[in-house]
S.K.: 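Please read through the structure below; I'll follow up with questions.
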Amino acid sequence: MRHGNILTSKQLSRADIEAVLDHAAAIESDGSAAVEDRSETVLGLLFFEPSTRTKMSFETAIKRLGGDVVDMGSVDASSVKKGESLADTVRVIEGYADGIVLRHPRQGAAKLASEYVDVPVINAGDGAGHHPTQTLLDLYTIRENAGLDDLTIGIMGDLKYGRTVHSLAYALSNFDTRQHFVSPESLQLPREVVFDLHQEGASVKEHESLDPILPELDVLYVTRIQRERFPDENEYQKVAGEYCITTETLEAASDELSVMHPLPRVDEIAPGVDTTDHATYFEQAHNGVPVRMALLDLLLGDSDE
Amino acid sequence: MRHGNILTSKQLSRADIEAVLDHAAAIESDGSAAVEDRSETVLGLLFFEPSTRTKMSFETAIKRLGGDVVDMGSVDASSVKKGESLADTVRVIEGYADGIVLRHPRQGAAKLASEYVDVPVINAGDGAGHHPTQTLLDLYTIRENAGLDDLTIGIMGDLKYGRTVHSLAYALSNFDTRQHFVSPESLQLPREVVFDLHQEGASVKEHESLDPILPELDVLYVTRIQRERFPDENEYQKVAGEYCITTETLEAASDELSVMHPLPRVDEIAPGVDTTDHATYFEQAHNGVPVRMALLDLLLGDSDE
Amino acid sequence: MRHGNILTSKQLSRADIEAVLDHAAAIESDGSAAVEDRSETVLGLLFFEPSTRTKMSFETAIKRLGGDVVDMGSVDASSVKKGESLADTVRVIEGYADGIVLRHPRQGAAKLASEYVDVPVINAGDGAGHHPTQTLLDLYTIRENAGLDDLTIGIMGDLKYGRTVHSLAYALSNFDTRQHFVSPESLQLPREVVFDLHQEGASVKEHESLDPILPELDVLYVTRIQRERFPDENEYQKVAGEYCITTETLEAASDELSVMHPLPRVDEIAPGVDTTDHATYFEQAHNGVPVRMALLDLLLGDSDE
């Protein structure tokens, strides 16, 4: 993985995933487990779309490794507004930074960028495409709480548009997992994703209701249902109400169930759940730091070379 | 104060204030007076409202202590726009940062945030509420220039809406000070603030004109009168003209008078005053750095624990 | 130059330029050539206008020297919006930072700022005025690729409004260069610039077409022609097409020709040129880092004093 790029979740083999997760666990238990101090390292942040937690956790990660960032800032304040191509922008930034973290609204942007520069490119979300570092922190959280093998996971909410969900599903197909997808019919997984997962030999089932499968789940991964997906406010309200997790919902769950969410949440998980042992979503967000530290440390390699 | 929060000026006892001010003085005269190097420390900046000097001086302070920041950036570019609650935002950031500096338009926001996280929360202004670190740097500046006991201070301008003024007045009531408040009637101190100050045993007098009391003042603290408070432009012009400090105004003042202002100023102090010995407002702004260094150093405690 | 300001290109003598360029070359070949570690240094970034590469490369430069920045952020989020004068803003920031990098829409802003503060001020572009650090990195790139003496350079594109071009032309008049200016008549160099260059004894010729002089050029410096300069879209298209460099254009050039561009480019240089040996514009952008490191190191002087 050293000096490579992180572009898609599909690209990550089981061995790659385990290398990052093992290194993250080592770093979390002992900060000095990182390969070396990065005081000479400057990471370029190119966020063409808003982000809070992804950007802040990358920034925290490189700073906790001893390095620093240069941030392109918002697109409004950048040369992009003057019509510069992405290929030009990254070729310039390459002269400033030892690696590039890119979020972009266009699918395939990170791959394109990686073809123009010699420094590692990390995809921090490209439109409806991939968001592999979110997947890695999700996997890390699952492994810490329930283990990645012999896992029964429910994934619920907007399965149609959520890139987080697609990335996670692909990555989980590397492990011995039973994946249950729960959504209203209008927000089902795209057929090509289901097809791909079957091709990978994944165990996949789809449901419109959580009730029948909740008791057997080790992990319930909830995603936000966006109001703007619904032409009709009433229909949104009905769906949002039906796919909301409360302490009552969880009475039917195993005591060991971990409830995850990529955040931000709006109404999908009631605040009452926060104080139960099921709530794993803040821990999940925090895991972004050790996982991204591990990833950066592996990608950036030995700075002496 | 260690591992506590800084939420309101009312919370600060005389002993607290003196601890911060003494530590700031030690740091200002010798940078190595800080408890220890903060090279492992990352401070989270959450500014839900614009700020230049408060944010920059916090950032300078932690960097001069050897630490660094992660900045949420503008609200427009953040998950807040997707409807995330403040409680969720700070619980996520807690996983990235060793402390949180929060500015928020809603009064009580810092207190609410502090109830959800274990890291120290510093209120950097919450709506019409408090702005305790501004108060601390104001007190530091007064102490350096005139002393905090046996002090006669005039506070002039918009006393109705200015949180800076209310915070300062509460804090000064810990010391042996005579407070004179000067404003047009429409911008007087709120009655409840006057009541509270009397309850604290403070010596408080209100005036519509500066003239009668100017000669006896050790410090004159001027605040901005905002155009938008006046329905009528003519009335604003009249008031703004009357409460403007010029070199002529200051001919009646003591040679020792310090003129302070939280900045930014517009027309309240004529540029001619800048080159007189009275002008203390830039020094005041600069004091934000040692005072915030001292505060952070005390709040963050010993990083080895 | 130590503890001075960098305000205009005209201010730079041949000796100044060579001091910066020699130091940049030393730093580029050996990072430890900088005078000393800047771990105590905080540089204030005040960008009143958008910028990507200038701001990022200043930030990278100071960080690679071991220092850090405090950034005022966008004007929308700053006290400037409340009506603060530039003189006040820089006098406040002076208390936070060891030097100030200023971009401002008003010509002369950097000079004005420098009159109010004691820390070094670096002009990072002031309206139609100067942009001396761009000039220094341009000169560095020319020196590395073609040498600064006995140089034949073509400067093409929008010569009327481009401050980059004016700054470069003034600086080149310190050296033994033949300057050819190529533009449509409506975008010619302002007459006063031509006059000044003649006064300096520079060798200056103006052309409407590149063809006759291309074969003798060592360097071709291309700038962007802005659509908004033309009242008529058709006229813009005609001019843009005529002043576009392609691999076909370059068949008539010397093998040694370096093609430069301050970036961002839009259509002035066809992407096909990027992979030829002529393409020097990305190297040019990257040179912003060693040149600004050298400049900062020289300006900030010995931090022990």
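Keep in mind that the numbers below use all heavy atoms, side chains included, and drop hydrogens, waters and symmetry copies. Every chain is numbered from 1, with letters handed out A, B, ... down the list of sequences.
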S.K.: Using a cut-off of under 4.5 Å for heavy-atom pairs, which of A:Q226, A:E49, A:E59 has the most such pairs with chain B?
M.R.: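 So the answer, after comparing A:Q226, A:E49, A:E59, is A:E59.
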S.K.: What I'd like to find out is whether the side chain of B:D88 reaches to under 4.5 Å of the side chain of A:F282, using heavy atoms alone.
M.R.: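 B:D88 reaches A:F282 side chain to side chain.
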S.K.: Which pairs, with at least one residue in residues 272-294 of chain A and sequence neighbours excluded, count as a salt bridge (charged side-chain N to carboxylate O under 4.0 Å, His left out)?
M.R.: A:R265-A:D274, A:D274-B:R91
S.K.: Any sub-3.5 Å donor-acceptor pair from A:K63's side-chain atoms to B:V69's backbone N or O?
M.R.: yes
S.K.: How close do B:G95 and A:V289 get, heavy atom to heavy atom, and via which atoms?
M.R.: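 Residues B:G95 and A:V289, closest heavy atoms: O-CG2, 4.1 Å.
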S.K.: In Å and rounded to the nearest 0.5 Å, what is the CD to CZ distance from B:E84 to A:R224?
M.R.: 9.5 Å
S.K.: Charged N to carboxylate O under 4.0 angstrom, A:R64 versus B:D68?
M.R.: no
S.K.: Going by the rule side chain to side chain contact (heavy atoms under 4.5 Å, CB included), which residues pair with A:D71 if we only count those two or more places apart in sequence or in a different chain?
M.R.: A:L45, A:K55
S.K.: Heavy-atom pairs under 4.5 Å with chain B are the metric here; pick the option from A:S57, A:P271, A:A61 that has the most.
M.R.: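 Max contact count across the listed options: A:S57.
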S.K.: State, with a plain yes or no, whether a side-chain heavy atom of A:M56 is found less than 4.5 Å away from one of B:I93.
M.R.: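 Of all side-chain heavy-atom pairs linking B:I93 with A:M56, at least one is under 4.5 Å.
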S.K.: Just by distance, do the side chain of A:R53 and the backbone of B:T89 share a donor-acceptor pair under 3.5 Å?
M.R.: no
